Amino acid sequence: MRIAIDGYNLAMPQGTGVATYGYGLAEALKELGHQVEGVFGIAVGADPALKEIRFFEALGRTTKPLSGKALLYRRAREFPVNFFGARVGPVPSSAFVEKRVFEKRLPAFDRIHTAGRLFERAERYFQLTGRFLSVRMMDPPDIMHWTYPLPLKLEGARNIYTLHDLVPLRLPYTTLDVKRYYHALVKRCVAEADHIVTVSESSRRDIELIFGTPRGGITNTYQSAPMPPELSDQDRAADAASIEGIFGLKLQGYFLYFGAIEPKKNLGRLIEAYLSLMTETPLVIVGGRSWQSEDELKLITPQGAQGGIVNRLAGRIVRLDYLPRTLLMRLVRGAKAVTFPSLYEGFGLPVLEAMQLGVPVLTSNTSSLVEVAGDASVMVDPYDIRAIAGGLAALDSDADLRSRIERGALSHGAQLPSQPALAAEYGVALLTVRPAIEL
């Protein structure tokens, strides 16, 4: 079969957890023997000689959003056109454009299709009409898999949507989503999709609780975390030299948090718990700032400093922004423990990634994290700072505990979603829509 997935998150230069999901999904589909295509929202113009060049030019950089008169003019021009749908066209593929720089973030698509501002147009159209924007293409694939709740529907294909979680509704105070829009969007996805995919039993329960059983059914595939092949070729000694040379950190001599810096991730409580220990083990934080990140980082920024706390923290808390995936996974593999006491997760990809690398994890006893981590972790109440501190102290001082968790993590991680496991579960989902396609 021909199956397309959207490039909404894949096109983001710094990546997201959903981008990792999309990459893993594409690899799983290829393992199933399907042809995989990508649908993007990148403008490439009308000149065939420049389409591929412009596509990869845009893929490699962050574009500045329109504002003011330019935005109003664009919306006015697009509004009547949207009623007739959006047409995506092919992006030529040649050996002329050097693409190796993208091989770790862009799946090896058999074909790529694109239409300028496709996702922005669909969002605006749904806000105005409450309807999904119809997408047309020559010779559409059998299935269009939207890896995120997007107000789009490909004509001539069966449309599958992945709903990763309902955090904007379960924890409305932790996101900037317009809740009325988000609720209407997910409700429409559930009502119209040929099938819904989610990534944990926790998310499946949330979807069915709030929106009922989807018309087209729902399948939990979990999520996979493809590991860079370079990691398997590098031993711990090389890791140690790399980590110390680049970051000035000792192998297995630091705690690590990686992910977005936003209220849901509970970083503020983690920092407070860590500071209460007075440990010599540094806490390394890797992640870009997001909404309300100032509140989460108030104990380690000058604005929140009290009594010279910033000077006292010198060397104890290290903040890094976005890192390329291979370098980040090397940092994960070298950690004493990964800390991820999130308030709520649809899956919790950092937990799986750490476990696959045999690294002890401290995480929360809530939502899907219980499914992902199982018994191979230290689980704490994410709202209890003393419990987080206690978990950190145990991992910091008890080598036997870390060793037991490492062994359990590798064993449990082997049972968690890999590419073949995701492919098998996805095959179950396809059985639901296949009869309709064959008809």
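The analysis underlying the following values was restricted to heavy atoms, covering all of them including side chains, and did not include hydrogens, waters or symmetry mates. Keep in mind that this is a model prediction, so the values were computed, not measured.
Note on residues 9-18: no pairs pass salt bridge (charged side-chain N to carboxylate O under 4.0 Å, His left out), not counting sequence neighbours. Among residues at least two apart or in separate chains, salt bridge (charged side-chain N to carboxylate O under 4.0 Å, His left out) pairs with a member in residues 334-348 are Lys264-Glu345, Lys265-Glu345, Lys336-Asp396. Residue pairs meeting the salt bridge (charged side-chain N to carboxylate O under 4.0 Å, His left out) criterion with at least one partner in residues 376-392, sequence neighbours excluded, are absent.
Arg333 has its side chain out of reach of Met329: every pair of non-hydrogen atoms, C-beta onward, lies at least 4.5 Å apart. The shortest side-chain heavy-atom distance between Tyr274 and Ile317 falls under the 4.5 Å cut-off.
For Phe119, the ring pair (Phe, Tyr, Trp, His ring centres under 6.0 Å) criterion is met by Tyr8, not counting sequence neighbours. Annotation: ring pair (Phe, Tyr, Trp, His ring centres under 6.0 Å) contacts of Tyr383 (sequence neighbours excluded): none. Judged as a side-chain contact (heavy atoms from CB on, under 4.5 Å), and not counting sequence neighbours, the contacts of Ile246 are Ser242, Leu327. Contacts of Lys99 classified as side-chain contact (heavy atoms from CB on, under 4.5 Å), with partners at least two apart in sequence or in another chain: Glu52, Phe56, Val97. Judged as a side-chain contact (heavy atoms from CB on, under 4.5 Å), and not counting sequence neighbours, the contacts of Thr16 are Asn9, Met12, Val18, Ala19. Under the rule for a side-chain hydrogen bond (donor to acceptor under 3.5 Å, both in side chains), the partners of Ser403 that lie at least two apart in sequence or sit in another chain are Arg407. Remark: Lys30 engages Asp110 in a side-chain hydrogen bond (donor to acceptor under 3.5 Å, both in side chains) (not counting sequence neighbours). Residues satisfying the ring pair (Phe, Tyr, Trp, His ring centres under 6.0 Å) criterion with Tyr344, sequence neighbours excluded, are absent altogether. The ring pair (Phe, Tyr, Trp, His ring centres under 6.0 Å) search around Tyr182 returns none, not counting sequence neighbours.
Minimum interatomic distance between Arg188 and Phe132 (heavy atoms only, all atoms of both residues): CG-CE1, 3.4 Å.
Between Glu192 and Arg215 there is no salt bridge, since none of the side-chain N atoms of the basic residue sits less than 4.0 Å from a carboxylate O of the acidic one. Taking the charged nitrogens against the carboxylate oxygens, Arg269 and Glu272 have no contact shorter than 4.0 Å, which rules out a salt bridge.
In this structure, Phe126 has its ring center closer than 6.0 angstrom to the ring center of Tyr181.
No donor-acceptor contact under 3.5 angstrom links the side chains of Ser203 and His164, judged on distance only. Under the 3.5 Å distance criterion, with hydrogens and angles disregarded, a donor-acceptor pair is assigned to the side chains of Tyr222 and Glu371.
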